[in-house]
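This report concerns only the one structure given below.
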Amino acid sequence: MEHLRVGCLLMAAGSGSRFGGRKLQAELDGKTLLERALETIPDGVFAKIVVVTSPELADHIAGYPAEVCVNDRPEEGLSRTVRLGTERLMDCDGILYLVSDQPLLVPSTVGRVVSAWRQQPDRIAAACHGGRRGNPCLFPKKLYGELCSLTGDTGGSAVIKAHAELLLPVETDERELTDVDTPETLRVLQQENS
């Protein structure tokens, strides 16, 4: 299954409303959350990488081996980011959807999700811990239509719920699945890492 083309979609267009705005420019250990997310993408694993981001962050992706797709209407919700990125990666057999607010995620875990999916490419591979699904998630091509049909602030979780039998859990450390949704969560991580 090595011949399967896998794309990576880094979703970095959210407004960070629960965070109070500018979340992806917040720092942990001297790097922004956006930089950390970009560094989570392992070298040589993906046929194509697309970053869907806001107009003000597009310049921050320069220098990374990724195609930038600007979401000029992030207020339409996560579904627009999913659709824009999926449309750019339609030529891939599977797409890994990567969120940009999991600063403890490591490239080897991303690689393990891809490896697990390559063994069962009709499934949805997802990083999990103790039965709790997290991100990233890798979807097969047969579900792109459903992903592109999402509306509002809905992401791939809705598609996973509709196809629960396809879920292929990839166990990982619980800390890697930590989402930074609020300044308080980021402060806790900063204290733990200091």
Should [X] and [Y] count as an ion pair when the cut-off is N to O under 4.0 Å?
X	Y	result
Asp72	Arg80	yes
Arg36	Glu39	no
Glu192	Arg175	yes

Atom NZ of Lys142: over 12 foreign heavy atoms under 6.0 Å: yes
- prompt: Considering residues, nucleotides and ligands other than Asp43, do more than 12 of their heavy atoms fall under 6.0 Å from its CG?
  reply: no
Reference residue [X]; test side-chain contact (heavy atoms from CB on, under 4.5 Å); the match among [options]:
X	options	value
Met11	Val52, Thr53, Val82, Asn71	Val82
Leu89	Val6, Leu9, Ile49	Leu9
Leu98	Leu138, Val113, Leu105	Leu105

- prompt: Please walk me through it: do Val114 and Leu96 pass side-chain contact (heavy atoms from CB on, under 4.5 Å)?
  reply: CA-CA 8 Å; Val114 174; Leu96 180 116; 4.2 Å; yes
Do [X] and [Y] come close enough that some side-chain heavy atom pair is under 4.5 Å?
X	Y	result
Lys23	Asp181	yes
Gln190	Leu28	yes
Leu167	Arg123	no
Arg118	Leu4	yes
Gln102	Asn135	yes
Tyr144	Cys92	yes
Val45	Pro42	yes
Val180	Pro103	yes

Could you measure the distance from the [atom1] atom of [X] to the [atom2] atom of [Y]? Nearest 0.5 Å is fine.
X	Y	atom1	atom2	value
Asp153	Glu75	CG	CD	11.5 Å
Thr40	Glu176	OG1	CD	9.0 Å
Glu27	Glu35	CD	CD	7.0 Å
Ser54	Leu24	OG	CG	7.5 Å
Ile160	Glu165	CD1	CD	11.5 Å
Arg88	Cys69	CZ	SG	4.0 Å

Cluster check [X], [Y]: I/L/V/M/F/W/Y, side chain < 4.5 angstrom:
X	Y	value
Val50	Ile61	no
Leu143	Val99	yes
Ile41	Leu57	yes
Leu34	Leu189	yes
Leu104	Val188	no

task: Go through the steps for Glu171 and Arg112 under the test side-chain contact (heavy atoms from CB on, under 4.5 Å), then give the verdict.
output: CA-CA 9 Å; Glu171 188 70 18; Arg112 286 192 304 109; 5.6 Å; no
I need the minimum non-hydrogen distance between [X] and [Y], along with the two atoms involved.
X	Y	answer
Ala126	Cys137	CB-SG, 3.7 Å
Pro140	Pro121	CB-O, 3.3 Å
Leu177	Cys128	CD1-C, 3.8 Å

field: Sequence neighbours excluded, every pair satisfying ring pair (Phe, Tyr, Trp, His ring centres under 6.0 Å) that has a member inside residues 50-108
entry: Tyr97-Phe139
query: Taking only residues at least two apart or on different chains, which pairs with a member in residues 21-46 satisfy ring pair (Phe, Tyr, Trp, His ring centres under 6.0 Å)?
result: none
field: Side chain Thr86, main chain Arg83, donor-acceptor under 3.5 Å
entry: no
message: Check whether His129 reaches the backbone of Thr172 with its side chain - one donor and one acceptor, N or O, closer than 3.5 Å.
response: yes
message: Evaluate Leu38 against Leu10 for side-chain contact (heavy atoms from CB on, under 4.5 Å), listing each step before the verdict.
response: CA-CA 8 Å; Leu38 288 162; Leu10 176 59; 3.7 Å; yes
